Amino acid sequence: MVSSFCWSCLTQLRQTPRTILPSPTTVTVPRSAAFHTSAILNAPLMKKKSNSQDTGPKFRETRSMKPSKQKKRATERVRPPAPGERKALRKRIVLSNPNALEVQGMLELNSETMVDSRLRGSVLALPVPMIDQLRAVQAFKPTQGWSIFRRPGTVLRRETLEMGRFFDSISGEGEGKGSVVKRIITGPTKTGKTVHLLQAMAMAFTKEWLIVTIPEAQELVSGHTGYAPLSEEEPNLYVQNQATVALLSRTANANKKVLSKFQVSQQHPDLPAVKPGMTLEALANVGVQDHANAWPVFQALWTELTATSAAPGLEANFKPRPPMLVTVDGLGHWMQKSAYRNRNHELIHAHDLVFVRHFLNLLKPGIGKPTLPNGGALLYSTAGSNHPSIPAFEVAIKQVAARHAGVDPSSPEFPLPRAYSYPDPRIIESFNFPTPTAAKEGMLSVQEIGGLTKDEARGFLEYFALSGLLRETVTDEWASEKWTLSGGGVIGELEKLGKRVRVVSATATA
């Protein structure tokens, strides 16, 4: 069949000039305008990739994973924390907040205000010169709310006023001069037991007493300090030189003003470095510099502080010694076996550490004379939040309270250990001692610290409002409500309620 479009028709079409036809060699080049000077026209031809499969390395050819030749970025190395830096940051104490308002007309704690019952429920500021002394004895704790106020202060509660009267009578000229008060302070957590010890230290510094403190009883039995047998004659007793050095350092720094007034008035033949006539401050520093003789130096210092007369030939260097305050925080940790081990790899009981035994023996009555012949107070506190569960110690505390109340040990009302509880006999016996024979030595008692009263709670919350932390009007009804929410005036819970800043929005007031 012949097409209707014949050959003669094709010959009549106009031919395209060869100048505008693409060259066979430039078919792969991208089309572009003749007047364009793009670099695409001058680009080399791309080689066609081979579709053959990779057969592996050739003869004497290696293929290995080589790192890329990209330039590595310079990594900034962070300096690791110095030894003890994390612990110092964790235990850092901040005692001032410049953003808090300054309370106008705030009274300070002194010998007059600490016994004024009219100031009950108000917050008294700690004197500025005393803050360094309280820091030296580690009276402040990181968990306490010192950093939210303009300056550190403490509320004057009924237990504080009672303690202030004891301190005033011991330092006075009346019948109570030179007497000794012994107490074990207990109570629920966050009721202010440690702050109560701080208030006692502040009063003692005001009266120019000598303060010896154990801020953390747990550190002596947790196995973090060095220990060694006391001597070859007593291998079952162990001494802790590092802990003794820390105690001497705290005592020398905090009581520098008092220790510098007194001189050595007793004979110490076992310590050649201790000479008659040197101050008691220099005596304490001898133990700080010589760790090996720290415990003998502490015994010599204790002998000097509890002396009532000078040794023969040293009468010229003797002055009457001041009363003493001894505080221990966390007494319950001393009523169990420590983390140290003896030569048989057996756990050492805490009572076999001479450091612990010395302070526990102070609770016992003195033989012929008081434990503190120049008067003073022994305040040992238990821990509420970090308290080991020791049934024998709990029974011993109840027995001490019963003896002080006059309950006879043979009475059926006298507390006894629970049947088949197998209490530690050493703990029971450490608190089972007779009535003191010295006239001015008080019997060991138990003081339980609870919550604040409603009036004290209102005064405490008003201090938050005056400091700018509480933006509410403190009334009797509002304070009574917060007293109930805090579990009956628990001061730690009141602090949580008081430092919650409430800001009223503008839309709510419009």
Side-chain angles (χ1 to χ4, degrees), residues 82 84-98 100 102 106 108-111 113-114 123-156 160 163 167 185 192-220 224-225 242-261 280-281 284-285 287-288 298 301 322 324-330 377 379-381 383 386 467 491-492 495:
E85 185 175 351
R86 288 193 180 99
K87 184 177 181 181
L89 183 62
R90 187 175 64 253
K91 293 190 174 183
R92 183 169 59 107
I93 305 295
V94 180
L95 299 179
S96 177
N97 181 15
E102 185 175 358
M106 187 176 183
E108 291 187 352
L109 181 67
N110 51 41
S111 58
T113 56
M114 70 181 189
V123 177
L124 302 180
L126 299 177
V128 176
M130 189 188 299
I131 293 178
D132 292 337
Q133 294 177 301
L134 294 174
R135 277 184 177 272
V137 294
Q138 300 181 10
F140 302 104
K141 302 297 180 182
T143 56
Q144 298 167 348
W146 306 106
S147 61
I148 60 178
F149 301 106
R150 188 78 175 189
R151 59 180 301 186
T154 177
V155 62
L156 196 66
T160 309
M163 182 174 55
F167 278 59
I185 302 173
K193 298 182 292 297
T194 304
V195 177
H196 187 71
L197 297 182
L198 182 143
Q199 294 173 344
M201 298 176 201
M203 295 178 183
F205 282 125
T206 302
K207 297 291 185 179
E208 294 188 355
W209 289 16
L210 192 130
I211 293 89
V212 180
T213 63
I214 309 296
E216 291 291 344
Q218 184 181 4
E219 294 182 356
L220 297 174
H224 292 167
T225 59
Q242 296 178 1
T244 309
V245 169
L247 174 62
L248 291 173
S249 178
R250 290 195 303 268
T251 305
N253 294 334
N255 306 277
K256 183 177 181 179
K257 180 179 178 181
V258 178
L259 292 177
S260 59
K261 298 179 181 179
L280 297 186
E281 180 189 0
N285 290 327
V288 175
F298 173 75
L301 179 62
M324 295 180 60
L325 171 65
V326 181
T327 64
V328 177
D329 195 0
L379 302 179
Y380 292 9
S381 173
N386 185 21
S467 300
I491 191 168
E495 180 182 336

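Here the structure is a predicted model, which means the values were calculated and not measured.
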Look at the side chain of [X] and the backbone N and O of [Y], then say whether any donor-acceptor pair between them is shorter than 3.5 Å.
X	Y	answer
S467	R150	no
T206	A202	yes
S260	K257	yes
Q133	A254	yes

State, to 0.1 Å, how close [X] and [Y] come at their nearest heavy-atom pair, and which atoms those are.
X	Y	value
L95	P152	O-CD, 3.3 Å
Q242	T225	OE1-CA, 3.9 Å
L301	A284	CD2-CB, 4.1 Å
L248	G287	CD1-CA, 3.8 Å
A200	M163	CB-SD, 3.4 Å
N386	A383	O-CB, 3.4 Å

Test: E219 and K91 ion pair at under 4.0 Å: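 Looking at K91 together with E219, the answer is yes, because their closest N to O distance falls below 4.0 Å.
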
Kindly compute the distance separating [atom1] ([X]) from [atom2] ([Y]), expressed to the nearest 0.5 Å.
X	Y	atom1	atom2	result
K261	L210	NZ	CG	11.5 Å
M114	T154	CE	OG1	13.5 Å
T251	K256	OG1	NZ	14.5 Å
T213	L247	OG1	CG	7.0 Å
L280	N285	CG	CG	11.0 Å
Q199	L124	CD	CG	9.0 Å

Check against side chain to side chain contact (heavy atoms under 4.5 Å, CB included), H224 and Q218: CA-CA 10 Å; H224 292 167; Q218 184 181 4; over 6 Å; no

What I'd like to find out is whether the side chain of [X] reaches to under 4.5 Å of the side chain of [Y], using heavy atoms alone.
X	Y	result
M130	L109	no
E108	T113	no
D329	S381	yes

Set of ring pair (Phe, Tyr, Trp, His ring centres under 6.0 Å) partners for F167, sequence neighbours left out: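 Partners of F167 by the ring pair (Phe, Tyr, Trp, His ring centres under 6.0 Å) criterion, ordered by chain and then number, come out as W209.
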
Side chain to side chain contact (heavy atoms under 4.5 Å, CB included) evaluation trace for V137 with F205: CA-CA 11 Å; V137 294; F205 282 125; 4.3 Å; yes

L325 and M201: CA distance, side-chain angles, deciding distance, side chain to side chain contact (heavy atoms under 4.5 Å, CB included) verdict: CA-CA 7 Å; L325 171 65; M201 298 176 201; 4.2 Å; yes

Residue pair N97, W146: steps toward the side chain to side chain contact (heavy atoms under 4.5 Å, CB included) verdict: CA-CA 8 Å; N97 181 15; W146 306 106; over 6 Å; no

Residue list, side-chain contact (heavy atoms from CB on, under 4.5 Å) with A217, at least two apart or on another chain: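 A217 satisfies side-chain contact (heavy atoms from CB on, under 4.5 Å) with V328, W334 once adjacent residues are dropped.
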
Set of salt bridge (Lys or Arg N to Asp or Glu O under 4.0 Å) partners for R250, sequence neighbours left out: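 Checked R250 against salt bridge (Lys or Arg N to Asp or Glu O under 4.0 Å); zero matches.
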
